[in-house]
Amino acid sequence: MRLPPRLLGIAVCWVVAALAAVADSAEALPLLSMNATVAQSFALEVRGMFSHTFSNYMRLAFPRDELRPISCVGHDSWGPYALTLIDSLDTLALMGFQQEFENGIRYVLENVHFNRPITVSVFETNIRVVGGLLSAHLLASRQDLPCHVPWYNASLQPNLLDKALDLALRLAPAFDTATGIPFGMVNLRSGVLPGESRVTSTAGAGTFLIEFGILSRLRPEAAANLEATAKTASRSIFGFRSRLGLIGNHINVDSGDWTLKDAGIGAGTDSFLEYLVKAYILFADTDAYDMFMTLFESIERHLHKGPWYFDANVDAGTTTWPLFNSLQGFWPGLLAMLGRFDEAAATQRAFHGVWRQFGAVPEGFHVVHGSVQNGQRGYPLRPELMESAYYLYRGTRDPIYLQMGVDYVAGLRLLRTECGFHSLADVETRQKEDRMESFFLSETLKYLYLLFSTDHWFHDHQWVFNTEGHPIPTSYDYLESNVDDAKASFQWPQSPERTLVDLMSVADVDLSELVDELLLLR
Ligand code: DMJ
């Protein structure tokens with residue numbers, strides 16, 4: 001095939017940039033192993049980072065939602081409802097801060113009420129608050145876990161489960177639309193207010209299967225419809241997929257029209273895809289799994305380029321944004337859950353190469369230009385790379401993922417302040433931002449801690465994390481699930497026989513395939 005010189009130039013740039021990034025990440029990672037004592041010392045360091053941050057949040061910001069890590073004062077963000085405390089409860093439990101875990105539960109039971117005239121994000125409230133309360137409830141109730149809270153039991157009125165249920169029922173009016181796809185915002189006392197935007201992101205509308213599913217199973221008398229509500233929303237989004245089987249980024253809740261037609265796996269879409277897989281693992285929801293696999297096929301066909309995943313137009317399938325965006329970082333972890341370790345390893349290595357360049361990841365990195373994308377220069381302490389390193393390590397036990405963890409710790413050390421850890425407004429200029437989102441405590445530090453805590457009791461049980469890093473046990477008798485036993489016995493994929501050398505070689509992308517794909521792009 002002959003290409004016009006201009007197109008050939010573009011294609012060569014694509015190939016060079018994509019391969020350079022892969023090569024960079026391959027070179028950057030030394031072949032190291034890590035003994036258990038060294039891993040443990042990193043776990044302790046991460047625990048120390050958490051304790052520095054959490055204790056200062058409680059001292060200087062609580063009961064406001066978040067601590068500003070540079071000015072060291074509190075502010076409200078997604079609530080107000082003492083968000084950082086609620087989002088941190090299960091991390092306290094897993095890191096062995098038992099007294100703080102119990103104090104936190106007590107505070108929430110006595111002081112956090114949701115019958116308030118505040119308008120909140122349906123998505124953020126669900127993943128951070130409903131998810132946080134559910135996880136804390138399940139951890140505190142389980143007598144077989146070291147974080148069991150003896151005084152906490154189901155007869156407490158109200159307990160954390162009641163609180164989660166109350167909140168979820170206050171979110172439910174948002175789903176009352178022609179498509180079943182929820183509004184993005186809802187008032188906790190009055191429902192959806194007149195004039196509310198009728199456009200929502202795909203992830204914002206389709207990330208409810210876990211929390212609503214658990215509530216329906218644990219409280220069928222009060223929450224029977226919640227699971228069906230979440231399912232209708234997810235099914236409806238799936239039903240609006242394009243002819244190519246792609247789903248867009250933003251959707252109109254009345255018509256189902258895509259208002260932002262970029263299909264991708266990251267920002268705007270990520271956790272919708274994630275919950276389809278996790279609903280299968282948790283509830284044996286084969287319908288969700290089938291939806292995922294249908295979408296996955298189109299993702300593979302139209303978005304997957306070498307180790308990267310580029311956004312594409314839902315109708316044409318052509319690349320619109322040849323970017324890595326930081327929210328894509330969860331994808332290797334999801335692939336690992338599906339047992340697709342080779343693809344997961346290659347993509348994690350490419351993404352990790354971006355971290356190695358900046359000691360953080362920018363919100364957007366232009367893979368073709370090999371540069372930070374303007375307007376997406378910040379790093380708000382996101383957890384996705386740590387999350388994927390955690391899943392990949394648990395699935396392969398390959399020390400390369402511990403080594404990646406060391407790089408994440410090294411990057412975070414540079415962001416430490418007197419009272420917490422600051423975000424970066426620009427990963428290149430290192431301009432600071434006085435913001436520390438609650439996911440830094442609920443996810444970033446938790447995944448890192450669990451990555452390095454190689455013999456933690458947590459690993460003796462099976463869990464599904466909600467998208468905010470809140471672990472939900474998959475024990476079916478506890479969930480009183482009625483799914484059939486065969487499906488319920490889902491086992492996490494493992495590839496213990498895989499060696500570091502194997503994983504190094506899978507990062508070698510097939511050049512001819514990549515060149516062909518890139519030449520066809522435009
Ligand atoms: C978190 O709130 C969740 O992980 C969500 O799914 C995506 N964004 C943030 C972390 O980056």
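Every number for a ligand or one of its atoms is a count from 1 in the order of the listing. Because the structure is predicted, anything quoted here is derived from the model rather than measured.
Residue contacts with ligand 1, taken as heavy atom pairs separated by less than 4.0 Å, do not involve E274 at all. Contacts between T207 and ligand 1, counted as non-hydrogen atom pairs separated by less than 4.0 Å, are absent for every part of the residue. When heavy-atom distances to ligand 1 are checked against a 4.0 Å cut-off, E443 comes that close only through its side chain, counted from C-beta outward. When heavy-atom distances to ligand 1 are checked against a 4.0 Å cut-off, A203 has no atom that comes that close, whether in backbone or side chain.
For the atom pair NE2 (H302) and CD (E297), the distance works out to 9.0 Å, reported to the nearest 0.5 Å. To the nearest 0.5 Å, atoms OG (S88) and OH (Y57) are separated by 7.5 Å.
Relative ring orientation between F452 and F42 is described as parallel, the plane-to-plane angle staying below 30° on a 0-90° scale split at 30° and 60°. Relative orientation of the Y280 and Y289 rings is tilted, given thresholds of 30° and 60° on the angle between their planes. Aromatic ring pairs are classed by plane angle as parallel below 30°, tilted from 30° to 60° and perpendicular above 60°; the pair H461 and W463 is perpendicular. A perpendicular orientation is assigned to the rings of F62 and Y107, their planes being inclined by more than 60° (bins at 30° and 60°).
Nearest non-hydrogen protein atom to atom 9 (C) of ligand 1 is F439 CD2, 3.6 Å. For atom 6 (O) of ligand 1, the nearest non-hydrogen atom of the protein is T467 OG1, 2.7 Å. Nearest to atom 2 (O) of ligand 1 among the protein's heavy atoms is E468 OE1, 2.6 Å.
The P383 neighbourhood of ligand 1 comprises atoms 10 (C), 11 (O), with distances under 4.0 Å to a heavy atom of that residue. Interface of E384 with ligand 1, defined as ligand atoms under 4.0 Å from a residue heavy atom, comprises 4 (O), 7 (C), 8 (N), 10 (C), 11 (O). Residue-ligand proximity, L327 to ligand 1, at heavy-atom distances under 4.0 Å covers atoms 7 (C), 8 (N), 11 (O).
Salt-bridge annotation for K231 and E227: absent, with no side-chain N of the basic residue lying under 4.0 Å from a carboxylate O of the acidic one.
Taking only nitrogen or oxygen atoms, main chain and side chain alike, R382 reaches within less than 3.5 Å of ligand 1.
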